[in-house]
Amino acid sequence: MSGPMSLEPGGAEQDTLALRLADDRTLALRVTGRHAPSLVLPGHGARRDAVDGLAAELADSIAPAVHPYEVAALLESEGFTGEMIQQKYGHADLFSLATALYQRIPRTFPEPPRPADPWRPDHLRCAVRGLLFALPGLAYALAGRLLPTDGTVRALVVAGLISWAWNQALGHRAYVRLASGRLEAGLTLAKGAPLGAAAATAAGAALSGPGVTALAVAAQSAYLAAAGVLLVLGRERLLLAVLVPVTAGGAALLWWEPGTVLRAGLPLLSLLGTVAAAGWALRDTRTAAAAPGATRPGLWPSLPYGLFGLAAGSLVFLAGRDHPWGVIVLTLSMGPAEWLLYRYRGLSVAALRSTRTPRGFRARSAVVLAGCLLVYLGPIAPAALLVGADPVTLLLLAAALWISLLLQAFGTAWPPAVLCLTAAVFAGAVMLTGAPPGAAALPLCCGGAVLCLTAVAVRQLGRPAAHG
């Protein structure tokens, strides 16, 4: 028997009627605030397979979801429409399908990606800076025999100590102003570097009087001022380039006698190149835009950095009186020392992220400090033995300088300045007066400074706030 409409199971008319009933039911459930369950329609097995396939396809995106609403948002962003959801997947609406998918996929919450190390060191830059601290010493090997013996060393040492102190304070002040822009930092260096060179030259010339030694003092002071400008402005490679003449001349001394003209001319050529490079770098800062609202910092915060420079120079001079090769080892270690300062900061940040209590972080911070210090001192001991220097004195002095630089990097400047200056004054007083315990004065003073500096570092840097 046939009629105007066939209602055989599986026919298209039956599917249309079921979908209309589903729409009416969905509307009623939305009014009551509930979600419609999945429909049981003809061909439900195929639609269940379609849902399973969709779950497998979107598993990586659904697994981290914490609520079906997140899955619904995902489906909506993928362009799923109500008609598609009803006809292909057999669900009344978007939320019903999202709930089914949410129930099929187990919850997995992947670890967040590890953030990049903000203190990742520049390996090449640190290596270059280590060389730059040592290469100027070749100028003394080249031109040293051309200088008179009376009073020359004393004048150069006094002028060098003044330059060290001045340039440390000036460098700190310039770095502070660098935060306001390169223009402010350039102005600070342009005014301060010539004043420091003039003060050091005047002090050295007052001890030596006019003559060749006064010219050597002026050359040394001018170089230290110009090199300080280039280092603060990050022009290490330019400084390395202008030191090529004195480097080549110093290396040639191993197999060739360059003669008086080259012994004087090569250091002079490098000096002129350094001064010209510093002037060019300062001129380049004039093109930088001025920072709005930049304020000029006071002189007092830079004072401890200058005192530390004076103390460090004095300790290095005392260590080099009997073992000048030890000073070369210490100078070359400044590159690895700077690299380890960055590594300490990076490892401390990692420790801060992995510990949950202040006490745990304090312990981890102390371990990081000890590890970095041991890595720094490890190569110095065999190097000191190789050049015939006293390894104990050199290790204690290196430890005192590195911990001081670490504290300064975190803004703790006065304790390193006071402790190192006290050690230099006591050791110098004993050694220069020729008292019987003079040989042990420097290691004892440096050892006492290391103990005090370590205590300050553990206390100051063991606080999480110091690394924020």
Side-chain angles (χ1 to χ4, degrees), residues 4-120 345-361 364-365 464-465 467-468:
M5 181 173 62
S6 174
L7 294 176
E8 296 177 357
E13 292 82 359
Q14 184 175 354
D15 284 352
T16 302
L17 179 60
L19 290 175
R20 289 176 180 173
L21 292 173
D23 288 339
D24 295 340
R25 189 181 182 194
T26 300
L27 178 60
L29 289 172
R30 286 180 179 173
V31 171
T32 59
R34 294 179 293 169
H35 296 311
S38 59
L39 295 173
V40 181
L41 300 176
H44 187 64
R47 288 165 176 160
R48 181 186 300 169
D49 293 341
V51 175
D52 291 338
L54 180 62
E57 180 183 349
L58 300 178
D60 292 339
S61 300
I62 296 174
V66 297
H67 194 276
Y69 285 169
E70 294 186 42
V71 183
L74 172 65
L75 295 177
E76 190 174 12
S77 67
E78 293 289 338
F80 282 75
T81 63
E83 183 179 359
M84 177 195 304
I85 291 171
Q86 292 172 357
Q87 293 182 357
K88 184 175 181 180
Y89 299 103
H91 281 263
D93 61 5
L94 180 71
F95 296 101
S96 175
L97 178 59
T99 302
L101 293 173
Y102 181 81
Q103 293 172 350
R104 277 172 167 79
I105 304 299
R107 307 273 68 76
T108 58
F109 304 104
E111 291 290 331
R114 294 183 63 87
D117 183 4
W119 297 104
R120 185 175 181 271
R345 301 200 75 157
L347 292 172
S348 296
V349 172
L352 187 61
R353 291 170 178 159
S354 62
T355 53
R356 299 182 181 275
T357 63
R359 180 177 297 179
F361 174 73
R364 289 285 298 273
S365 177
H467 306 268

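Scanning both residues, V71 and A65, for their nearest heavy atoms gives CG2-CB, 4.0 Å. Taking each heavy atom of L352 and P464 in turn, the nearest pair found is CD1-CB, 3.6 Å. Taking every heavy atom of both residues into account, T99 and P68 meet most closely at OG1-CB, 3.9 Å.
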Review point. Going through the checks in order, is the side-chain contact (heavy atoms from CB on, under 4.5 Å) test met by M84 and L75?
Key: CA-CA 11 Å; M84 177 195 304; L75 295 177; over 6 Å; no

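Residues H67 and Y69 bring their aromatic ring centres within 6.0 Å.
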Side-chain donor/acceptor pairs under 3.5 Å, residues 50-59, sequence neighbours excluded:
| unit_1 | atom_1 | unit_2 | atom_2 | d |
| --- | --- | --- | --- | --- |
| D52 | OD1 | R104 | NE | 2.7 |
| D52 | OD1 | R104 | NH2 | 3.4 |

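Remark: R359 pairs with T357, R362 by the side-chain contact (heavy atoms from CB on, under 4.5 Å) rule, at least two apart or across chains. Scanning for side chain to side chain donor-acceptor pair (under 3.5 Å) contacts around S77 gives an empty result, with sequence neighbours left out. Judged as a side chain to side chain donor-acceptor pair (under 3.5 Å), and not counting sequence neighbours, S348 has no contacts. Taking F361 as the reference, H467 meet the ring-ring contact (aromatic ring centres under 6.0 Å, His included) condition, with sequence neighbours excluded. For R364, the side chain to side chain donor-acceptor pair (under 3.5 Å) criterion is met by S354, not counting sequence neighbours.
Among pairs with a residue in residues 71-83, none fulfils salt bridge (charged side-chain N to carboxylate O under 4.0 Å, His left out), at least two apart in sequence or across chains.
One distance of note links CD of Q103 with CD1 of I62; it measures 12.0 Å at 0.5 Å rounding. To the nearest 0.5 Å, atom CG of residue D93 and atom CG of residue L97 are 9.0 Å apart.
Q86 places a side-chain N or O within donor-acceptor distance of the main-chain N or O of A92, the cut-off being under 3.5 Å. No donor-acceptor pair closer than 3.5 Å links the side chain of Y102 to the backbone N or O of A63.
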